[in-house]
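What follows is a set of notes on a single structure, which appears directly below.
Just so it is clear, the model here is predicted, and its values are computed rather than measured. Reminder, nothing fancy here: chain letters follow the sequence lines and each chain counts from 1.
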There are 2 protein chains.
Amino acid sequence: MMTGFEPHDHVGCIADAMSAAEQRCASRSLRLTAVRRQVLEILLQEHVALGAYDILEHLRLAGFNSQPPVAYRALDFLVTNGFAHKVERLNAFIACSYPGETHSPAFMICRNCDVVAETRSTPVKGSLGAAARSVGFRIERTVVEAEGLCPLCQEEAI
Amino acid sequence: MMTGFEPHDHVGCIADAMSAAEQRCASRSLRLTAVRRQVLEILLQEHVALGAYDILEHLRLAGFNSQPPVAYRALDFLVTNGFAHKVERLNAFIACSYPGETHSPAFMICRNCDVVAETRSTPVKGSLGAAARSVGFRIERTVVEAEGLCPLCQEEAI
DNA sequence: AATGTTATGTAATAATGTATCAACAGGTAA
DNA sequence: TTACCTGTTGATACATTATTACATAACATT
């Protein structure tokens, strides 16, 4: 199991993330309900980008007999409150690797094995930000995603 | 009618783009068939991001009785050969504003009026490129999209 | 308890995207 | 010319992703 392209202590990472989420919800009086908690756990468990219907399957395995809107609403809650992101390129969702820190996420997506690694980006500082300023566009949110080959798949490709 | 957020000579811009496309296809022995030409014209005409099914409607108005795969194939051809881009955030397509110049496109998307402006970006030079190098990820393609308010919609919002 | 607000359950359907295969047109080589 | 190869199109069906609509339930405040 990996975060990004590096192995790590996954069980601990889930536990940490869940308790951090609980605290953050408590302090902001957000309701981390059963479905939302379960979806976040699923995302943390899998640690890859999951489609809404993947989530639904996992929810059913966990005893929830849920229809599509349930997954989309839970995902919307998690995304809105910074616990997860949507990877637009994949129409899929992934747990945030930097929860609690306000940031513009950027993703590296391996086209071969579908692993997704998150990093923080500063798109407003670069050429995009300059272009936006020059035409008077006010940036509210950015999607930055790189598609390519992860280190492991580069080796295989040789 | 606008390119990006600026008004311009639209009829001339379409004519130029079409003849440029014809030349480019000829010189690379790509076949700019009837459907492909029509789709490119539609994208240039509208000059906003169009979904595949919007394209299909336009195709039908133009006398093509086309099914979804026709639109997707034509769009795929145009994207692959640099005549159009996919805007991932919108699951939609737009004519390229810099055809002929190899580039990483970036888009500014107004969340109010849906206008899309293209600019060139250099994502590999910024924080994303640095992150990729540090973990050994090989970037092949980037998606850079900013969502926000265009100049006109900012005024309206006052 | 009454009320307003937020969250969930459920069915149906819309919107987006693919797989498959037969038919056809254009080149190319025997 | 004929035969063949390749790429493109036409058409049907299907798969995936996302939303609408409406009813119900849970929670918070008074």
Side-chain angles (χ1 to χ4, degrees), chain A residues 21-22 25-40 42-43 46 48-60 62-81 83-94 109 111 114 116 143 145 147, chain B residues 21-22 25-26 28-40 42-43 48-60 62-81 83-94 111 114 143:
Chain A
E22 306 224 355
C25 284
S27 71
R28 301 213 240 157
S29 57
L30 298 170
R31 295 171 30 194
L32 189 59
T33 61
V35 183
R36 292 167 176 177
R37 176 192 313 271
Q38 187 69 47
V39 172
L40 180 53
I42 290 166
L43 288 176
E46 296 302 315
V48 296
L50 293 176
Y53 283 72
D54 296 327
I55 301 279
L56 276 171
E57 255 180 53
H58 280 90
L59 278 177
R60 282 179 190 133
F64 295 76
N65 192 7
S66 301
Q67 300 299 313
V70 172
Y72 282 101
R73 287 191 289 232
L75 289 166
D76 186 59
F77 171 87
L78 295 174
V79 169
T80 299
N81 297 109
F83 300 116
H85 300 292
K86 179 168 188 182
V87 182
E88 298 288 347
R89 189 72 224 291
L90 304 176
N91 293 319
F93 301 83
I94 192 164
I109 306 164
R111 68 166 156 80
D114 289 323
V116 176
V143 173
E145 300 174 4
E147 193 181 344
Chain B
E22 306 224 356
C25 283
R28 301 212 243 155
S29 57
L30 298 170
R31 307 208 329 227
L32 190 58
T33 61
V35 183
R36 292 168 177 175
R37 176 192 313 269
Q38 187 68 48
V39 172
L40 180 52
I42 291 167
L43 287 176
V48 297
L50 294 175
Y53 283 72
D54 297 327
I55 301 278
L56 275 172
E57 257 180 51
H58 280 88
L59 277 178
R60 283 182 189 129
F64 295 77
N65 190 7
S66 300
Q67 301 302 313
V70 172
Y72 282 101
R73 287 191 290 231
L75 288 166
D76 186 58
F77 171 86
L78 295 174
V79 168
T80 299
N81 296 110
F83 300 117
H85 300 291
K86 179 168 190 182
V87 182
E88 298 287 347
R89 187 73 224 293
L90 305 176
N91 292 321
F93 300 82
I94 192 164
R111 67 165 158 79
D114 290 323
V143 173

Comparing nearest nucleotides in DNA chain C, the 5'-proximal residue of the pair A:Phe77, B:Ala92 is A:Phe77

Ranking B:Pro68 and B:Phe64 by the position along DNA chain D of their nearest nucleotide, the one closer to 5' is B:Phe64

Does a distance-only test, which skips hydrogens and angles, find a donor-acceptor pair under 3.5 Å between the side chain of B:Tyr53 and the base of C:dA14?
no

Q | Pair B:Val79-B:His85, side-chain contact (heavy atoms from CB on, under 4.5 Å): steps then yes or no | A | CA-CA 5 Å; B:Val79 168; B:His85 300 291; 5.7 Å; no

Take A:Leu32 and A:Leu30 through the side-chain contact (heavy atoms from CB on, under 4.5 Å) test and state the conclusion after the steps. CA-CA 6 Å; A:Leu32 189 59; A:Leu30 298 170; over 6 Å; no

When rounded to the nearest 0.5 Å, the distance separating CD of B:Glu88 from CD of A:Glu145 is 7.0 Å

Here the distance between atom P of C:dT16 and atom OH of B:Tyr72, to the nearest Å, is 7 Å

In whole angstroms, the gap separating C1' of D:dG10 from CG of B:Leu56 amounts to 13 Å

Does a side-chain N or O of B:Asn91 approach OP1 or OP2 of C:dG17 to a distance below 4.0 Å, or not? yes

Tightest non-hydrogen contact, residues B:Leu40 and B:Ala21, listed as CD2-CB, 3.6 Å

Here the distance between atom P of D:dT16 and atom CG of A:Leu50, to the nearest Å, is 15 Å

Picking from D:dT17, D:dT12, C:dA11, the nucleotide nearest the side-chain atoms of A:Gln67 would be C:dA11

Quick note, A:Pro69 side chain, CB onward, closest among D:dC27, C:dT16, D:dT20 is D:dT20

Separation between CG (B:Leu43) and CD (B:Gln38), nearest 0.5 Å, reads 10.5 Å

Assign each of B:Ala74 and A:Leu90 the nucleotide of DNA chain D bearing its closest heavy atom; nearer the 5' end lies the nucleotide of B:Ala74

note: B:Asp54, atom CG; C:dT16, atom C1'; distance rounded to Å ~ 11 Å

* Does A:Arg73 get its side chain close enough to the base of C:dG9, under 3.5 Å, for a donor-acceptor pair? -> yes

Please check the phosphate of D:dA18 (OP1 and OP2 only) for any side-chain N or O of A:Lys86 closer than 4.0 Å.
yes

Whole-Å distance, B:Arg89 CZ to D:dA18 P, equals 11 Å

Contact check, residues 33-40 of chain B vs DNA chain D, heavy-atom distance under 4.0 Å, returns B:Thr33, B:Arg36

A:Leu75 atom CG is separated from D:dA18 atom P, nearest whole Å, by 9 Å

Correct closest heavy-atom pair for B:Val39 and B:Ala74 would be CG2-CB, 3.8 Å

Taken to the nearest whole Å, CG/B:Asn81 to C1'/D:dG7 is 13 Å

Between the CD1 atom in A:Ile94 and the NZ atom in A:Lys86, the distance rounded to the nearest 0.5 Å is 14.0 Å

Rounded to whole Å, the CG-P distance (B:Leu32 to D:dT9) equals 10 Å

